[in-house]
Number of protein chains: 2
Amino acid sequence: MKFETSCIRAEADHVQILRCKEDLNAVSTSIEAISKIMALAGNEVRFKILFLLQRETELCPCDFADILEMSVPAISQHLRKMRDVNVISTRREGQTIFYSISKENEAFLTSILSNIESERKIA
Amino acid sequence: MKFETSCIRAEADHVQILRCKEDLNAVSTSIEAISKIMALAGNEVRFKILFLLQRETELCPCDFADILEMSVPAISQHLRKMRDVNVISTRREGQTIFYSISKENEAFLTSILSNIESERKIA
DNA sequence: TATTTATTTAAGTATTTGCTTAAATTATTA
DNA sequence: TAATAATTTAAGCAAATACTTAAATAAATA
């Protein structure tokens, strides 16, 4: 496909288009990283996991399975995805593995999770 | 499938499990709504669209197509998804349709978008 | 009114996602 | 050391996603 200009309208602001492209370029790494985290948090199960971790500090896979009423492998796979990008971390205690929110992303996640309940309690 | 308890370990804190379930129940509507928005913003193309809208206030589909170097229908379909849940709004001017971030979700999105560049500029 | 332009919608398709069940790891304990 | 327990991994599959191209709308203009 060819990408030059999609509209030929007189009002199209080519300076603006170019500036936008440059702006995007300057933050592309950051955008990629954040949208990756957002995509993870955008799954309702994983969002609940993060919500629970914030409240309880740490929980193990079978806790999540009980709380969310899901199979342990399903939970484990969600945890793995978040662990792979360092959104959550693990600590082993015997055969139990405790998950918690990584320090690295704590502030960002807290700011998102803070929107729960308060002003968004509609129903 | 049966869901009683997934682990039989002595340390399993049944009071905690129950409390977590109640906590989740109390915010379920809010969690559902927010994780829906997060899922939308979790797509890199849509996240870029939101980033651009914040900087430029309003843009039309063919602007996005030019800036992101994507086809107009592809852009249009992304815009529709966000419009369907009122993340963005439209204004018509002749045959051009301008999209902007909805007032309703502006604060939430701004708080997320504010993480771009600043502390997350790694590369 | 016919043509052009901006946008949307629809149908088709390849890829990704999120579960399932079964098997493999890893650690505890009898 | 054998059995049990917590977790992970793997294979398979149905549903969702994000694009493509083609066709349909809707507004401006010649």
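Hydrogens, waters and symmetry mates play no part in the numbers below; they use all other heavy atoms, side chains included. In what follows, chains carry the letters A, B, and so on, assigned in the order in which the sequence lines appear, proteins first and then strands, with residues in each chain numbered from 1.
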- Counting any heavy atom closer than 4.0 Å, what does A:Phe64 reach on the DNA or RNA strands: base, sugar-phosphate only, or nothing?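 Result for A:Phe64 = nothing.
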- Give B:Arg83 one of three labels, base, sugar-phosphate or nothing, depending on what nucleic acid heavy atoms sit under 4.0 Å from its own. nothing
- Interface with DNA chain D, restricted to residues 74-81 of chain A and to heavy atoms under 4.0 Å: A:Ser76, A:Gln77, A:Arg80
- Quick one: list whatever passes side chain to side chain donor-acceptor pair (under 3.5 Å) with A:Asn25, sequence neighbours left out.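 Partners of A:Asn25 under the side chain to side chain donor-acceptor pair (under 3.5 Å) test: none.
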- Sequence-distant partners of B:Ser89, side chain to side chain donor-acceptor pair (under 3.5 Å), two or more places apart: B:Ser102
What does the list of N/O pairs under 3.5 Å between the protein and nucleotides 13-15 of chain D look like, with a distance for each?
none

- Bend across the helix from C:dT1-D:dA30 to C:dA30-D:dT1, to 10°, with axes taken over 5 pairs at each end?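 About 10° separates the two local helix axes.
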- Item | side chain to side chain donor-acceptor pair (under 3.5 Å) contacts touching residues 34-44 of chain B (sequence neighbours left out) | none
- Item | Minimum side-chain heavy-atom gap B:Arg83-B:Arg80 below 4.5 Å |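 They are not in side-chain contact.
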- Query: Does B:Leu113 reach the side chain of B:Phe47, with side-chain heavy atoms less than 4.5 Å apart?
  - Reply: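 In short, these two side chains touch, coming nearer than 4.5 Å.
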Distance below 4.0 Å between [X] side-chain N/O and [N] OP1 or OP2:
X: A:Asn43; N: C:dT17; result: no
X: A:Tyr99; N: D:dA6; result: no
X: A:Ser71; N: C:dT20; result: yes

In whole angstrom, what separates [X]'s [atom1] from [N]'s [atom2]?
X: B:Met70; N: D:dT21; atom1: CE; atom2: P; value: 12 Å
X: B:Leu68; N: D:dA18; atom1: CG; atom2: P; value: 14 Å
X: B:Leu40; N: D:dT17; atom1: CG; atom2: P; value: 9 Å
X: A:Asp63; N: D:dT7; atom1: CG; atom2: P; value: 8 Å

- Query: A:Arg46 or B:Ile97: which one's nearest nucleotide on DNA chain C is closer to the 5' end?
  - Reply: B:Ile97
Partner residues of [X] under the salt bridge (Lys or Arg N to Asp or Glu O under 4.0 Å) criterion, sequence neighbours left out:
X: A:Lys21; answer: B:Glu69
X: A:Glu93; answer: A:Arg91
X: B:Glu32; answer: none

- Same apolar cluster (I L V M F W Y, side chains within < 4.5 Å links), B:Ile116/A:Val85: yes
- Message: Restricting to side-chain contact (heavy atoms from CB on, under 4.5 Å), what partner residues turn up for A:Glu56, sequence neighbours left out?
- Response: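 A:Glu56 satisfies side-chain contact (heavy atoms from CB on, under 4.5 Å) with A:Leu59, B:Gln16, B:Arg19, B:Cys20, B:Asp23 once adjacent residues are dropped.
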- Partners meeting side-chain contact (heavy atoms from CB on, under 4.5 Å) with A:Leu68 (sequence neighbours left out):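 By the side-chain contact (heavy atoms from CB on, under 4.5 Å) rule, A:Leu68 matches A:Val45, A:Lys48, A:Ile49, A:Leu52, A:Met70, A:Ile75, B:Leu24.
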- Message: For nucleotides 22-30 of chain C, give me one character per nucleotide, 5' to 3': B if any protein heavy atom sits under 4.0 Å from the base, S if the only such contacts are to the sugar-phosphate, - if neither.
- Response: B---SBS--
- Can you name the nearest heavy-atom pair linking B:Ile112 to A:Phe108, along with the distance?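 So the minimum-distance heavy-atom pair works out to O-CE1, 4.3 Å.
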